[in-house]
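The next block holds one structure in the form of structure tokens; read it before the comments.
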Amino acid sequence: MIVDWLNARARLLPAVSGMLLAVLLLLEGAGCLFSPDVSEDIPPVQVSGDGGQAVATPTPGWGRRRRRPRATATPLPVTRVWQSSVVKITGGDLEYRYEVDGVPQVIQGIGYNATYEGQSIEERARGYDTDFRRMKEGGVNTILGIGEDYEFDALTLDKAADYGLGVVMPYPLDYHGDYTDAAYQAKVRTEVMAWVNRYKNHPALRMWSIGTEVLANIDFKQQTTFARFYVGLADMVHQLDPNHPVLYRGAEDYSVEPLRQALAEAEQSRPWLVYGIDVFTLRLEQTLADWPQKGWDGPLLVSAFGPLGLYPADRPFGYLRMWETIRRHPDFTLGGFAYAWTTAGANLMDQAFGLFEDDGSPADDSFDALSAMFRGYDLHFGANREPLPMGGAPPPPDLPFSLDFLLPASQVSITGSDHNFIYTVNGKPETIKGIGYNAMYQSLSLEERAARYDRDFTAIRQMGANTIIGWGEQRQLDELTLLKANQHGLGVVMPYYLDPMGDYNDPEYRERVRQDVAAWVARFRGYPALRIWGLGNEVIHLLGDEDAKTFAEFYVELADMVHQLDPDHPVAYRGAEDVGIEPLILAFQRNGQPRPWFAYGMNIFTFRIEQAIKEWPDWNWDVALFFSEFGPLGLPPEERPDAFTRMWQTVEDAPGSVLGGLLYVWTIEGPEKVDLAFGLVDGNGEPVDGLFDAVSDAYRGGSTQAGY
């Protein structure tokens with residue numbers, strides 16, 4: 001009866017007597033009913049019925065970290081009586097217990113990014129039915145909203161409740177906001193207060209997610225001010241709603257310190273305040289192992305996780321490793337959210353991470369893997385994958401001319417020690433200013449390939465870049481690439497693919513690799529464009545402990561062989577940040593032999609690049625460092641230039657310690673879905689946004705004028 005009357009409230013409001021209105025307000029104030037601000041001219045809506053015509057108008061965005069004002073859509077009318085859930089986190093000293101309505105729970109979550117933009121309430125409800133039913137059957141118990149892209153509302157909560165799913169409600173905090181301004185702070189507090197009061201009594205509510213990766217992106221001068229403001233904001237939310245925890249989402253673990261210090265100043269225990277880490281590599285293992293040393297006196301949640309850059313056949317394995325890592329730390333880690341549900345989200349990164357395509361078909365086997373893990377099955381994906389072809393290049397092209405004139409080869413060296421190195425090309429010191437070159441031209445004729453190289457390499461050289469790098473598993477770089485690169489004054493880091501699924505315990509397999517690598521070196525060592533042998537890319541962090549030791553020992557033997565065959569060019573291993581680096585360091589240090597000709601290439605896509613450089617000497621490995629892949633992950637187009645500039649400035653501020661870096665990646669039409677989010681140019685070689693000019697400005701030392 002109350003619900004029917006409330007459903008018609010928008011029509012009847014002008015005629016409501018003072019007594020009935022007072023009763024309604026009392027019920028709402030007591031938490032029995034939920035009543036958002038509803039305009040009088042909005043017709044009543046029964047979400048599960050046939051009569052509703054209201055249309056939701058979320059505001060989608062491009063970037064995972066984009067911060068905008070809240071969506072301005074009118075809140076949906078109420079159709080149900082809400083009884084608040086009670087979510088508690090108890091404990092302390094890195095021992096925490098998460099309970100929903102008195103029942104202990106591990107958060108088995110999905111980052112939910114389906115927008116259903118412009119659809120009617122009925123269409124949205126059907127979409128939620130399809131998605132949430134699939135999640136429930138797959139063992140998911142919680143969804144997390146991507147607040148910077150669109151707003152969860154009453155319909156989202158209601159439909160989640162229908163399937164027994166909890167919801168972490170998102171509120172974006174703009175990292176461009178002026179948190180030193182009292183008026184701006186007051187505005188944010190007012191908006192957050194209204195938002196909390198609007199949804200705090202819903203049974204599907206689990207947490208308030210306020211702010212995503214703000215401290216990692218905000219101006220350094222505001223970090224302390226923001227952290228103090230955030231603690232006050234969280235305290236306000238907890239006072240308004242003591243039944244639900246508050247979550248701050250950070251970029252990995254490298255922005256926790258300002259918030260930890262602000263909490264220490266407040267001198268009050270807050271077990272209801274959760275720190276969430278967004279991690280997209282297997283560095284998650286190191287992050288969780290190191291977490292007790294971070295000094296965070298509260299629970300931890302992996303608020304977004306997913307394997308960045310793995311092939312579809314290997315992604316289930318990546319999710320398996322990451323979820324197993326989370327479950328190894330049940331004392332202080334509440335669970336995690338796999339990112340993201342659909343490839344059709346508002347962010348181009350979603351095309352690389354989405355578990356389901358726009359038509360609802362699985363993108364690969366990743367959701368099946370997550371579902372099996374969430375339901376407690378013991379799985380080991382990837383063991384039966386067919387290995388990719390051995391080698392670092394396609395068969396030699398049938399060039400219509402002799403290569404005899406290529407000699408003499410380039411002379412490239414790394415000299416120095418104690419984290420003070422000089423990279424020299426043909427006798428001249430050089431900083432590596434590079435581009436990850438992912439153009440796939442193998443199917444074109446030699447003439448067409450040559451023309452594309454001329455177009456691309458002219459633009460790359462005019463940007464001020466001096467080096468390109470490729471990927472051995474794609475087998476896209478060969479003699480023609482090297483010839484054309486040299487014509488345009490570019491050096492090349494030649495890639496060789498070492499398969500993570502290879503059996504490095506098998507002597508026969510190791511011998512095959514040795515012979516193939518030796519042939520690869522002999523084939524390309526005489527080219528003047530050659531700079532570095534890129535021997536292996538992101539292998540060791542995918543291996544178990546014993547396999548990692550075996551691989552590392554074999555790798556050192558392989559690198560020594562390459563250097564013996566060609567002492568004129570350095571050798572580099574490319575790793576996923578510094579994940580799993582210990583076995584490699586130990587293997588290189590075992591015989592005490594110095595190898596100044598060896599360099600470690602780090603692939604990194606967040607502002608943790610700053611911390612990585614600072615901590616590099618702590619590894620006690622006296623080899624040169626460079627960034628073999630770097631670039632701003634998941635930002636909207638308008639924010640990519642400033643993010644790149646900040647990252648490159650970090651590299652330039654560490655001369656001697658860092659040889660340089662290679663921006664990932666050249667074109668959005670590369671072989672991987674993630675290239676859509678990282679690419680500098682489109683298929684016609686035209687810049688996709690302002691990042692192209694920012695790279696030119698940085699690599700050319702502040703000048704974007706033509707010429708070298």
Side-chain angles (χ1 to χ4, degrees), residues 62-66 213 216-217 251-252 254 278-281 283 306-310 347-353 431-439 456 459-460 463-471 493 495 534 537-538 574-579 601-613 625-652 654 658-682 687-699:
W62 192 92
R64 182 170 58 85
R65 298 196 190 110
R66 187 172 187 178
E213 302 184 12
N217 292 278
E252 301 190 17
Y254 63 90
D278 297 349
V279 185
F280 298 97
T281 70
R283 187 180 177 272
L308 175 67
L310 293 186
N347 176 359
L348 284 179
M349 286 298 295
D350 298 346
Q351 297 190 37
F353 282 103
T431 297
I432 297 173
K433 300 177 180 180
I435 299 291
Y437 190 65
N438 61 333
D456 294 349
I460 290 172
M463 291 172 68
N466 55 29
T467 312
I468 62 172
I469 194 170
W471 289 268
V493 179
N537 181 45
E538 298 192 5
R574 299 153 65 181
E577 301 193 19
D578 48 10
V579 182
M602 189 179 292
N603 300 338
I604 193 164
F605 301 99
T606 68
F607 292 133
R608 187 183 171 267
I609 192 173
E610 298 159 353
Q611 181 180 336
I613 292 175
L625 173 70
F626 72 104
F627 292 99
S628 42
E629 297 176 21
F630 79 98
L633 173 67
L635 292 181
E638 65 271 19
E639 296 181 13
R640 294 210 301 164
D642 287 345
F644 162 79
T645 301
R646 175 176 164 184
M647 297 179 86
W648 181 250
Q649 188 63 54
T650 301
V651 174
E652 284 199 317
V658 182
L659 304 181
L662 298 105
L663 177 71
Y664 188 90
V665 63
W666 177 243
T667 176
I668 62 174
E669 295 194 356
E672 299 187 45
K673 287 184 176 181
V674 73
D675 296 345
L676 287 165
F678 281 103
L680 277 172
V681 300
D682 61 21
V688 298
D689 55 34
L691 181 57
F692 186 96
D693 288 339
V695 176
S696 297
D697 189 64
Y699 282 179

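Small disclaimer: the values here were computed from a predicted structure and weren't measured.
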Any side-chain heavy atom of Trp471 sitting closer than 4.5 Å to one from Val665?
-> yes
Under a 4.5 Å cut-off applied to non-hydrogen side-chain atoms, are Lys433 and Met463 in contact?
-> no
Is the backbone of Thr667 close enough, under 3.5 Å, to the side chain of Asn438 for a donor and an acceptor to pair up by distance?
-> yes
Are any non-hydrogen side-chain atoms of Ser628 and Ile469 less than 4.5 angstrom apart?
-> yes
Asp682 side chain to Val688 main-chain N or O, any donor-acceptor pair under 3.5 Å?
-> no
How far apart are the closest heavy atoms of Ala698 and Phe644, and which atoms are they?
-> CB-CE2, 3.6 Å
For the student: nearest non-hydrogen atoms of Met349 and Ala677, plus distance = SD-CB, 3.3 Å
Would a 4.5 Å heavy-atom cut-off, applied to side chains only, mark Phe353 and Leu308 as touching?
-> yes
Close side-chain approach of Ile609 and Val651, heavy atoms under 4.5 Å | yes
Taken to the nearest 0.5 Å, the spacing of Lys673 NZ from Asp350 CG works out to 11.0 Å
Spacing of Thr281 atom OG1 and Glu252 atom CD [to the nearest 0.5 Å] | 5.5 Å
What are the two closest heavy atoms between Ala694 and Thr645, and how far apart are they?
-> CB-OG1, 4.2 Å
Gap separating the CG atom of Leu691 from the CG atom of Asp697, nearest 0.5 angstrom = 11.5 Å
Measure the CG-OG1 distance between Asn466 and Thr431 for me, rounded to the nearest 0.5 Å.
-> 8.0 Å
Closest heavy-atom pair and its distance - Ile613, Ala654 | CG2-CB, 3.8 Å
When rounded to the nearest 0.5 Å, the distance separating CD of Glu629 from CG of Asn537 is 5.5 Å
Can you list the steps and then say if Asn603 with Tyr664 is a side-chain contact (heavy atoms from CB on, under 4.5 Å)?
-> CA-CA 9 Å; Asn603 300 338; Tyr664 188 90; over 6 Å; no
Evaluate the side-chain proximity of Leu680 to Ile435: yes if any heavy-atom separation is below 4.5 Å, no if none is.
-> yes
Shortest non-hydrogen separation from Pro495 to Arg574 and the atoms involved | CB-NH1, 4.0 Å
Would you call the rings of Tyr437 and Trp666 parallel, tilted or perpendicular, where under 30° means parallel and over 60° means perpendicular?
-> tilted
At what distance, to the nearest 0.5 angstrom, does CG of Asn347 lie from CG of Leu635?
-> 9.5 Å
Are the ring centres of Phe678 and Phe605 closer than 6.0 Å?
-> yes
Contact summary for Asp456 and Ala439, nearest pair of heavy atoms = OD2-CB, 4.2 Å
Among Phe627, Tyr699, Phe607, find the one that has a ring-ring contact (aromatic ring centres under 6.0 Å, His included) with Trp648.
-> Tyr699
Just wondering, do Arg283 and Arg608 contact through their side chains at under 4.5 Å, heavy atoms?
-> yes
